[in-house]
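Step one of this worksheet: look at the structure below.
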Amino acid sequence: MPEAASYILYEHPLNEQIRTYLRLENLFNIQQELQSIDSVASHIAALHNLWEILDCLDRGDLKAELLKELEQQKNHFKQLEASPYIDDLKLKRFLEQLQQLYLWVANYQGKFGATLRQDRFIDLIKHRIRIPGASCSFDLPELHQFLQQPVNYRQQKFAEWFEHFDGLNKCLKVLLRLYRENGQFVDAETNNGAYQHNFDKKQNPHLIRVKMPIATSVYPEISGSKYCFTIRFIQPGEQEQKVLSDDTKFQVAIC
């Protein structure tokens, strides 16, 4: 059994591109967990989540953004080939992985998820399943029939649907890992209830990460842009929230 985490991790994107990446990462993780469970309720939730993924993919030109980012990462790591401190074999394998992801994105036809949207069953449930309680047999008899099939059949169908996102999921995992590994956690403390940091002009951070002990009763409220970010801590209550004016210790990473 994995060891329980001793802290809560909060992440805040500093641009819309990373905001989309983080949302999709979260939705992909939820999808894979829900569809793996032997439960009708979980599979209804997985279908709801599947449409959240498709809705998220329908915003902006994600494909062009990924191609640009992957190209930049390839160029960056190619510059390390001459370094005597780099493991040549590991670098070669990673560059091959980046190239494979680049080709998957480049060769993907149309918008991500466009083919899945045209699936008759997925399109059938699009509107009805979003109505509260509309997964009853009289609302969607074909969905009811699907949910009564053996769990192996249902999980196989979910696996086929998720294949439409497989390359994208791998791509986001690699990019977000690179961003996260680019920042180290340091101890920090608020001053008069707030912590503010101005970025150096040479910096181009993507996200802010904050660690808090899991036993703490407060959570961070983070706001930021490409120029600076501010953190305040909020004490939740039964009736209202309270902004802390006391100094609070935490850990922060700029990635």
Check your understanding: Between Glu16 and Arg19, is there a salt bridge with N-O shorter than 4.0 Å?
Key ->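 Counted as a salt bridge, because a side-chain N and a carboxylate O are separated by less than 4.0 Å.
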Review point. Is it true that Arg180 and Glu25 have a side-chain N and a carboxylate O under 4.0 angstrom from each other?
Key: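 Salt bridge: yes.
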Review point. What class does the angle between the rings of Trp161 and Phe146 fall in, given that below 30° is parallel, 30 to 60° is tilted and above 60° is perpendicular?
Key: tilted
Check your understanding: If you count the non-hydrogen atoms of other residues, nucleotides and ligands that lie under 6.0 Å from CD in Glu142, is the total more than 12?
Key ->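 Yes, enclosed.
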Validation row, ring centre [X] to ring centre [Y] under 6.0 Å:
{"X": "Phe165", "Y": "Phe28", "result": "yes"}
{"X": "His197", "Y": "Phe199", "result": "yes"}
{"X": "Phe112", "Y": "Tyr108", "result": "yes"}

Where at least one partner belongs to [range], residue pairs that pass salt bridge (Lys or Arg N to Asp or Glu O under 4.0 Å), sequence neighbours excluded:
{"range": "residues 146-159", "answer": "Lys157-Glu160"}
{"range": "residues 206-218", "answer": "Glu11-Arg209"}
{"range": "residues 99-113", "answer": "Asp58-Lys111"}

Exercise for review: Enumerate the residue pairs fulfilling side chain to side chain donor-acceptor pair (under 3.5 Å) with a member in residues 88-100, sequence neighbours excluded, ordered by first and then second residue.
Suggested key: Lys74-Gln99
Check your understanding: Is there side-chain contact between Leu168 and Leu66, with at least one heavy-atom pair below 4.5 Å?
Key ->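 They are in side-chain contact.
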**Study point:** Side-chain heavy-atom pair Thr190, Tyr195 within 4.5 angstrom cut-off
**Key:**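 Yes, at least one pair of side-chain atoms sits under 4.5 Å.
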Review point. Will you find, in the side chains of Glu69 and Tyr179, an N or O donor that is under 3.5 Å from an N or O acceptor?
Key: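 Distance-only check passes for Glu69 and Tyr179.
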Review point. Can you tell me if Gln149 uses its side chain to pair, donor with acceptor, with the backbone of Gln145 under 3.5 Å?
Key: yes
Exercise for review: Hey, could you give me each pair passing ring-ring contact (aromatic ring centres under 6.0 Å, His included) that has a residue in residues 44-83? Not counting sequence neighbours.
Suggested key: Phe77-Phe94
Expected list for residues 221-236: side-chain donor-acceptor pairs under 3.5 angstrom, two or more places apart:
residue: Glu221; atom: OE1; partner: Arg232; partner atom: NE; Å: 3.1
residue: Glu221; atom: OE1; partner: Arg232; partner atom: NH2; Å: 2.3
residue: Ser225; atom: OG; partner: Tyr227; partner atom: N; Å: 3.2
residue: Gln235; atom: OE1; partner: Ser217; partner atom: OG; Å: 3.2
residue: Gln235; atom: NE2; partner: Ser217; partner atom: O; Å: 3.2

